[in-house]
Amino acid sequence: MSDSDNKSKPATKADLKELATKAGLQKLEQTTKADLAVLKNELNQKIDSVEQKLSFKIDSVEITVNRLVIDLTKTQTDVREIKYDMATKVATKDDISRIMNHIDAFAAEALSYRNHDTLRGGKIMEHETKLSNHETRISELETNPR
């Protein structure tokens, strides 16, 4: 039978059920397409939102990492300067020991000079006494002939 012959015959329950199924499928297909379009838009919006947030986070992390790199470089420079200063400007125990030995030697020498000055002072006083009595002794010698 041809398709045109079927159109002139009354519809059967099966034909009506088939038609309802086809109409329902078409409606379901249209609804599904509309739902998929809405879902696609929502997903695109959410993806854009996540990309923006992620981009912001990545930028924030990049700024933080750059700041940390700069701070770490400054800290390494400071540590190098401290090490250099300690190696060149700070005295070690051996340096202090050498300095103390030189101070002790200098102090001993200063004490020696002070003692010598005391002895010289005593000799000068003794000579001064002799000089002041020199005239008296000469006069006595001249008056006392032997």
Side-chain angles (χ1 to χ4, degrees), residues 3-4 6-7 11-146:
D3 209 21
S4 60
N6 276 342
K7 288 183 182 179
T12 64
K13 284 185 181 183
D15 290 338
L16 289 176
K17 190 174 184 182
E18 183 181 330
L19 181 62
T21 304
K22 281 184 182 178
L25 286 176
Q26 286 176 353
K27 188 176 181 183
L28 180 64
E29 182 180 0
Q30 290 171 351
T31 308
T32 303
K33 283 183 180 179
D35 289 345
L36 283 174
V38 169
L39 185 60
K40 182 179 177 182
N41 284 336
E42 287 178 5
L43 282 174
N44 283 337
Q45 288 174 354
K46 289 198 182 218
I47 288 171
D48 288 343
S49 173
V50 167
E51 283 178 347
Q52 287 175 352
K53 287 178 184 176
L54 192 60
S55 175
F56 175 75
K57 294 284 184 183
I58 288 173
D59 291 344
S60 176
V61 168
E62 186 177 344
I63 290 169
T64 302
V65 167
N66 286 338
R67 193 173 306 129
L68 286 173
V69 167
I70 290 169
D71 289 344
L72 181 62
T73 303
K74 286 179 182 178
T75 302
Q76 285 176 338
T77 302
D78 291 345
V79 168
R80 282 189 193 109
E81 286 178 13
I82 290 169
K83 280 183 171 180
Y84 176 77
D85 287 347
M86 287 186 72
T88 59
K89 295 180 182 178
V90 176
T92 64
K93 288 181 180 179
D94 291 337
D95 294 336
I96 300 296
S97 179
R98 273 197 332 259
I99 290 169
M100 292 306 290
N101 287 339
H102 286 294
I103 289 172
D104 288 345
F106 179 76
E109 196 171 318
L111 284 174
S112 173
Y113 278 116
R114 186 174 69 186
N115 290 339
H116 281 53
D117 279 347
T118 302
L119 291 174
R120 273 190 225 109
K123 289 290 182 185
I124 288 173
M125 296 294 280
E126 188 179 308
H127 288 185
E128 224 176 83
T129 305
K130 284 184 182 179
L131 283 174
S132 65
N133 292 337
H134 180 68
E135 283 296 319
T136 308
R137 284 185 301 133
I138 290 180
S139 302
E140 284 181 20
L141 286 175
E142 288 177 350
T143 54
N144 289 334
R146 284 187 206 202

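In what follows, every heavy atom counts, from backbone to side chain, and hydrogens, waters and symmetry copies are set aside.
With sequence neighbours excluded, no residue forms a side chain to side chain donor-acceptor pair (under 3.5 Å) with Asn101.
In this structure, Leu111 CG and Phe106 CZ are separated by 10.5 Å, a value rounded to the nearest 0.5 Å. One distance of note links CG of Leu39 with CG of Asn44; it measures 9.5 Å at 0.5 Å rounding. Thr32 OG1 to Asp35 CG: the interatomic distance, rounded to the nearest 0.5 Å, is 6.5 Å. Here the CD1 atom belonging to Ile47 is positioned 10.5 Å from the NZ atom belonging to Lys40, to the nearest 0.5 angstrom. Here Leu36 contributes atom CG and Thr31 contributes atom OG1; the two are 10.5 Å apart, rounded to the nearest 0.5 Å. A distance of 6.0 Å separates CD of Glu142 from OG of Ser139, quoted to the nearest 0.5 Å.
Between Asp95 and Arg98 there is a side-chain heavy-atom pair separated by less than 4.5 Å.
Using modelled atom types, one side-chain atom of His116 and one backbone atom of Ser112 make a donor-acceptor pair closer than 3.5 Å. Side chain of Ser97 to main chain of Lys93: no donor-acceptor pair is present (N/O by atom type, distance under 3.5 Å, no hydrogens or angles).
Residue Thr73 is tested with Val69, Asp71, Ile70, Thr75 for a side chain to side chain contact (heavy atoms under 4.5 Å, CB included); the sole match is Val69.
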Show me, pair by pair, the donor-acceptor contacts under 3.5 angstrom made by side chains of residues 50-64, not counting sequence neighbours?
| residue | atom | partner | partner atom | Å |
| --- | --- | --- | --- | --- |
| Thr64 | OG1 | Ser60 | O | 2.9 |

Check your understanding: Can you list the steps and then say if Arg114 with Asp117 is a salt bridge (Lys or Arg N to Asp or Glu O under 4.0 Å)?
Key -> CA-CA 5 Å; Arg114 186 174 69 186; Asp117 279 347; over 6 Å; no
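Crowding of Glu126 atom CD: a count of heavy atoms from other residues, nucleotides or ligands under 6.0 Å exceeding 12.
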